[in-house]
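Here is the structure we will look at, set down as structure tokens.
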Amino acid sequence: MPLFDLPLDQLRTYTSTATPPGDFEEFWDRTIADARALPLDAVFEPVDNYLSVINTFDVTFSGFGGDRIKGWLHVPAQLEPGEQLPVVVEYIGYSGGRGLVNQNTRWAQAGYVHFIMDTRGQGYGGVAGDTPDPHPSAGGINYAGLMTRGADHQDNYYFRRVYVDAFRAVEAAQNHPAVDPSKVVLTGVSQGGGITVAAAGLTAGRLDGVIAALPDVPFLQDFARAIDITPRGPYPEIAGFLGRHREKYEPMLAVLNYFDGVHLGRAATVPALFSAAQMDDICPPSTVFASFNSYGTGSRGHGGAPEKDIEVYRFNNHEGGQEHHWIKQLRFLRKLLSS
């Protein structure tokens with residue numbers, strides 16, 4: 001795949017032309033308050049993961065609307081009684097779920113507690129999932145996939161539910177006795193990266209304990225541009241829907257604007273390490289830089305804008321930095337936690 005987006009010098013300064021809806025803050029204040037009014041009821045059931053160095057718990061907690069959301073919590077087995085560790089909360093890429101019990105334990109291998117949130121209604125591609133999406137809008141008219149599910153109104157949109165689940169996943173992780181609730185790190189690739197940006201913004205000023213965000217080639221950023229230029233899914237689901245429902249472009253864009261990471265990440269207050277790939281034709285680099293350049297810029301009234309950095313992988317598509325980038329994330333966290 002050749003370079004198809006803006007050159008790097010322009011990416012460095014690119015900002016989205018999108019502006020948040022007038023009731024953006026009120027919408028999310030109401031959404032989070034409604035979710036937190038319901039009992040979290042986080043349950044941790046020990047399960048056999050067939051590994052000698054990591055203990056695993058099958059987690060269930062209440063997300064959006066009280067719906068029960070699944071997850072895995074992996075804890076280094078050598079933990080002393082009463083000892084607490086930082087926790088890395090991981091969100092999953094589009095179509096994937098939490099996977100099998102021992103499929104992804106790498107953050108626990110690195111010495112952290114590792115919480116993996118299952119994504120409601122997904123787990124049909126990549127890795128398996130166990131959490132349904134019972135919301136009535138899930139049965140409405142939409143393009144194949146999830147990008148247009150409930151997009152008739154911001155209250156119904158699919159990612160409203162996912163973002164609330166992500167917020168409550170942080171609370172659930174903080175409830176485990178092995179977790180230091182004051183040291184929560186958010187991470188994810190692609191859709192997981194987009195959820196990371198959203199969770200960093202939504203927890204700011206609402207939930208203590210988050211200390212860093214690691215969004216890797218994040219999806220769900222700068223929707224208006226992404227819909228126009230992205231040749232490969234999932235953004236083309238939206239374009240495919242609008243190709244038939246020609247009259248719905250402006251109304252749909254108005255709904256998507258509530259869920260754009262460019263707006264949500266602006267409120268973030270914690271340090272962040274992003275990544276972008278210049279040949280990425282799923283999450284184009286300009287959409288990632290729109291998010292990076294916006295991240296934390298609305299938090300100056302809360303002690304100053306947070307530190308942030310972005311790694312750029314010039315010759316990579318959506319796979320991004322992969323194992324090379326994980327080493328940089330490990331170094332980033334080691335430095336952050338030792339300071």
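Values below: all heavy atoms of this structure, side chains included; hydrogens, waters and symmetry mates excluded. Please read these numbers as outputs of a predicted model, since none were measured by experiment. Position 1 is the first residue of the sequence, and the numbers go up from there.
- Counting only distance, with no hydrogens or angles, the side chain of Q84 and the backbone of A178 share no donor-acceptor pair below 3.5 Å.
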Next item on the list: Determine, stepwise, if the pair F61 / F44 fulfils side-chain contact (heavy atoms from CB on, under 4.5 Å).
Entry: CA-CA 9 Å; F61 66 95; F44 303 89; over 6 Å; no
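- Each of I116, T187, V185 was checked for a side chain to side chain contact (heavy atoms under 4.5 Å, CB included) with W107, and the lone residue meeting it is T187.
- The main-chain N or O of Y50 is found under 3.5 Å from a side-chain atom of D48 such that the two form a donor-acceptor pair.
- Contact detail for L214 and F332: the closest heavy-atom pair is CD2-CD2, 3.6 Å.
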Next item on the list: Test R314 against L3 for side-chain contact (heavy atoms from CB on, under 4.5 Å), laying out the working first.
Entry: CA-CA 8 Å; R314 179 179 177 86; L3 299 178; 3.4 Å; yes
Check: What's the verdict on side-chain hydrogen bond (donor to acceptor under 3.5 Å, both in side chains) for N156 and S137, showing C-alpha distance, side-chain angles and the deciding distance?
Finding: CA-CA 6 Å; N156 297 329; S137 70; 5.3 Å; no
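- Side-chain heavy atoms closer than 4.5 Å link hydrophobic residues (I, L, V, M, F, W, Y) into clusters, and following such links, even through other members, never connects V217 to Y94.
- For the atom pair CD1 of I227 and CD of E237, the computed distance is 11.5 Å after rounding to the nearest 0.5 Å.
- Of all heavy-atom pairs spanning G261 and S291, the tightest one is O-OG, 4.3 Å.
- Checked against the 6.0 Å centroid threshold, Y313 and H324 do not count as a close aromatic pair.
- Looking only at side-chain heavy atoms (C-beta outward), V197 and Q221 come within less than 4.5 Å of each other.
- In plain terms, the two heavy atoms of G97 and I92 that are nearest each other are O-CG2, 3.5 Å.
- Remark: side-chain polar atoms of D309 are not paired, donor with acceptor, to backbone N or O of L273 under 3.5 angstrom.
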Item checked: Worked check of ring-ring contact (aromatic ring centres under 6.0 Å, His included) between F115 and H176 -> CA-CA 10 Å; F115 183 87; H176 193 274; 9.6 Å; no
Notebook entry, point to check: For F159 and M147, what are the C-alpha separation, side-chain angles and deciding distance, and is it a side-chain contact (heavy atoms from CB on, under 4.5 Å)?
Noted result: CA-CA 8 Å; F159 281 101; M147 296 304 297; 3.8 Å; yes
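- In this structure, F289 CZ and R12 CZ are separated by 4.5 Å, a value rounded to the nearest 0.5 Å.
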Check: Could you walk me through whether F167 and L207 pass the side-chain contact (heavy atoms from CB on, under 4.5 Å) check?
Finding: CA-CA 9 Å; F167 183 102; L207 180 63; 3.9 Å; yes
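- Put simply, the residue from V189, V288, I195 that forms a side chain to side chain contact (heavy atoms under 4.5 Å, CB included) with P218 is V288.
- More than 12 heavy atoms of other shown residues, nucleotides or ligands fall within 6.0 angstrom of atom CG in D34.
- With hydrogens and angles disregarded, no donor-acceptor distance shorter than 3.5 Å links the side chain of D23 to the backbone of E26.
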Check: Should Y258 and Y157 be marked as a ring-ring contact (aromatic ring centres under 6.0 Å, His included) after you check the CA-CA gap, both sets of side-chain angles, and the distance that decides it?
Finding: CA-CA 10 Å; Y258 286 89; Y157 190 48; over 10 Å; no
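- Within 6.0 Å of atom CZ in R334, 12 or fewer heavy atoms from other residues, nucleotides or ligands are found, so the atom counts as exposed in its surroundings.
- Scanning all heavy atoms of the two residues, the minimum distance from A200 to L186 falls at N-CD1, 3.6 Å.
- Between the side chain of Q174 and the backbone N or O of D208 there is at least one donor-acceptor pair closer than 3.5 Å.
- Checked for salt-bridge contact, D155 and R30 meet the test: a charged N lies under 4.0 Å from a carboxylate O.
- Note that CG of N257 is 13.5 Å distant from CE of M252, once rounded to the nearest 0.5 Å.
- Nearest heavy atoms, R106 versus W326: NH1-CG, 3.4 Å.
- Across all their heavy atoms, N102 and L51 have their closest contact at CB-CD1, 3.8 Å.
- Using a 4.5 Å heavy-atom threshold, the side chains of L242 and K248 count as touching.
- In the hydrophobic cluster analysis, where Ile, Leu, Val, Met, Phe, Trp and Tyr join through side-chain heavy atoms closer than 4.5 angstrom, V47 is grouped apart from V113.
- For the pair Y112/L85, no side-chain contact is recorded, criterion being any heavy-atom separation below 4.5 Å from C-beta on.
- In summary, R161 and D133 engage in a salt bridge, as defined by a charged side-chain N under 4.0 Å from a carboxylate O.
- Inspection of the S62 and D41 side chains reveals no N or O donor paired with an N or O acceptor under 3.5 Å.
- Here the options are K70, R98, R120, the test is salt bridge (charged side-chain N to carboxylate O under 4.0 Å, His left out), and the partner is D130; only R98 passes.
- Checked for salt-bridge contact, R206 and D29 meet the test: a charged N lies under 4.0 Å from a carboxylate O.
- The backbone N or O of Y14 sits less than 3.5 Å from a side-chain atom of N293, completing a donor-acceptor pair.
- Defined by atom type and a distance below 3.5 Å, a donor-acceptor pair is missing between the side-chain atoms of Q329 and D216.
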Note to self: Show, in sequence, the C-alpha distance, side-chain angles and deciding distance for D5 and S286, and conclude whether the side-chain hydrogen bond (donor to acceptor under 3.5 Å, both in side chains) test is met.
What the structure shows: CA-CA 7 Å; D5 206 343; S286 59; 2.7 Å; yes
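- In this structure a side-chain-to-backbone donor-acceptor pair under 3.5 Å is present from K308 to Y295.
- In this structure, F219 has its ring center under 6.0 Å from that of Y235.
- Follow the hydrophobic side-chain contacts under 4.5 Å out from M117 and you never reach V101; the two are in separate clusters.
- No more than 12 heavy atoms of other residues, nucleotides or ligands sit less than 6.0 Å from atom CD of E307.
- Here Q278 contributes atom CD and L11 contributes atom CG; the two are 6.0 Å apart, rounded to the nearest 0.5 Å.
- Hydrophobic cluster membership is shared by V87 and V75, with clusters built from Ile, Leu, Val, Met, Phe, Trp and Tyr side chains linked at under 4.5 angstrom.
- Taking CG of N104 as the start and CH2 of W72 as the end, the distance is 12.0 Å to the nearest 0.5 Å.
- Side-chain N or O atoms of T196 include one that pairs as donor or acceptor with a backbone N or O of G192 at under 3.5 Å.
- The line from CZ of F241 to OH of Y249 is 14.5 Å long, rounded to the nearest 0.5 Å.
- In this structure, the side chains of V89 and V210 stay at 4.5 Å or more apart for every pair of heavy atoms.
- For an aromatic pair to be called close, the ring centres must be under 6.0 Å apart, and F274 with F292 satisfies this.
- The side-chain heavy atoms of Q191 and Q122, taken from C-beta on, include a pair separated by under 4.5 Å.
- A salt bridge does not link D260 to R225: none of the charged side-chain nitrogens sits closer than 4.0 Å to a carboxylate oxygen.
- Looking only at distances, a side-chain donor or acceptor of Y163 sits under 3.5 Å from a matching main-chain atom of F259.
- L264 is connected to V270 through a chain of hydrophobic side-chain contacts under 4.5 Å among Ile, Leu, Val, Met, Phe, Trp and Tyr, so both are in one cluster.
- The closest side-chain donor-acceptor pair between D118 and T131 falls under 3.5 angstrom.
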